[in-house]
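I have placed the structure first, in the form of structure tokens, so that the comments after it can refer back to it.
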Amino acid sequence: MPLLVDGNNLLHRLPRSDRSRPAVRAMVLEATRHERMSVVVVFDGPPPAGSPEREVLGPVTVIYSGAAAADDVIIGRIPAGASARQWVVVTDDRGLAGRARERGAAVRTLGEWSARPRRAPSRKHGEAKLSSREVAEWEKVFKGGRTRDP
């Protein structure tokens, strides 16, 4: 079940001290790291300077709407017909939620989505869980950056 997350809506639900696009990105990555679903986070406007318009991080894709409204981009990603029922839009925006339902998608509020039960990670032979910092360092490596030596 693919998820379409209203990035700016989620951003404004975070505590003021954490209110940034990178914080939303990190939150979604952490929340979905053990899920087997694709997640698209859509932000309003252009990407930050030096960032791509589309960033693929495993099953999580972060996109920016550019000149279009993020709501329109989200609705445009929901397929027409019966397959729309497989999609879930995550937002507290009533207008977007109504449009998503009209298109045939399911809707979850941010509270419903963040409170949903998480699947426990499958561990193989004592595999250790990575911390958020380690995940961020690996993301940097995969993007061609360098990590600092311990």
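Note: hydrogens, waters and symmetry copies are ignored here, and every other heavy atom, side chains too, is used.
- Here the side chains of Val24 and Arg19 are not in contact, with every heavy-atom distance at 4.5 Å or above.
- Between Ala97 and Thr91, the closest heavy-atom pair is N-CG2, 4.1 Å.
- Linking ILVMFWY residues whenever their side-chain heavy atoms come closer than 4.5 Å, directly or via other members, places Leu29 and Met27 in the same cluster.
- Hydrophobic clustering places Ile63 together with Ile75 (ILVMFWY residues linked when any side-chain heavy atoms are closer than 4.5 Å, directly or through intermediates).
- When every heavy atom of Ile78 is checked against every heavy atom of Ala105, the shortest pair comes out as CD1-CB, 3.9 Å.
- In terms of the salt bridge (charged side-chain N to carboxylate O under 4.0 Å, His left out) criterion, residue partners of Arg13 (sequence neighbours excluded) are, by chain and number, Asp92.
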Val90 vs Asp6, side chain to side chain contact (heavy atoms under 4.5 Å, CB included): CA-CA, chis, key distance, verdict: CA-CA 6 Å; Val90 179; Asp6 183 347; over 6 Å; no

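- Follow the hydrophobic side-chain contacts under 4.5 Å out from Ile74 and you never reach Trp113; the two are in separate clusters.
- Residue pairs meeting the side chain to side chain donor-acceptor pair (under 3.5 Å) criterion with at least one member in residues 72-83, sequence neighbours excluded, are Asp72-Arg99.
- Annotation: ring pair (Phe, Tyr, Trp, His ring centres under 6.0 Å) contacts involving residues 71-98, sequence neighbours excluded, are absent.
- Taking every heavy atom of both residues into account, Pro59 and Met37 meet most closely at CB-O, 3.3 Å.
- Taking 4.5 Å as the limit, some side-chain heavy atom of Leu110 sits within range of a side-chain heavy atom of Asn9.
- Under a 3.5 Å cut-off, the side chain of Glu112 and the backbone N or O of Thr109 do form a donor-acceptor pair.
- A search for side chain to side chain contact (heavy atoms under 4.5 Å, CB included) contacts involving Ala26 returns nothing, not counting sequence neighbours.
- Linking Ile, Leu, Val, Met, Phe, Trp and Tyr residues whenever their side-chain heavy atoms come within less than 4.5 Å places Leu3 and Leu57 in a single cluster.
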Worked verdict on Val60 versus Arg25 for side chain to side chain contact (heavy atoms under 4.5 Å, CB included): CA-CA 9 Å; Val60 176; Arg25 181 179 161 277; over 6 Å; no

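- In this structure the side chain of Leu4 never reaches within 4.5 angstrom of the side chain of Val39, judged on heavy atoms.
- When hydrophobic clusters are built by joining Ile, Leu, Val, Met, Phe, Trp and Tyr residues whose side-chain heavy atoms come closer than 4.5 Å, directly or via intermediates, Val5 is grouped together with Val88.
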Side-chain donor-acceptor contacts of residues 40-54 below 3.5 Å, not counting sequence neighbours, with atom names and distances?
from, atom 1, to, atom 2, distance (Å)
Asp44, OD1, Ala70, N, 2.8

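- The stretch residues 57-71 participates, sequence neighbours left out, in no side chain to side chain donor-acceptor pair (under 3.5 Å) pair at all.
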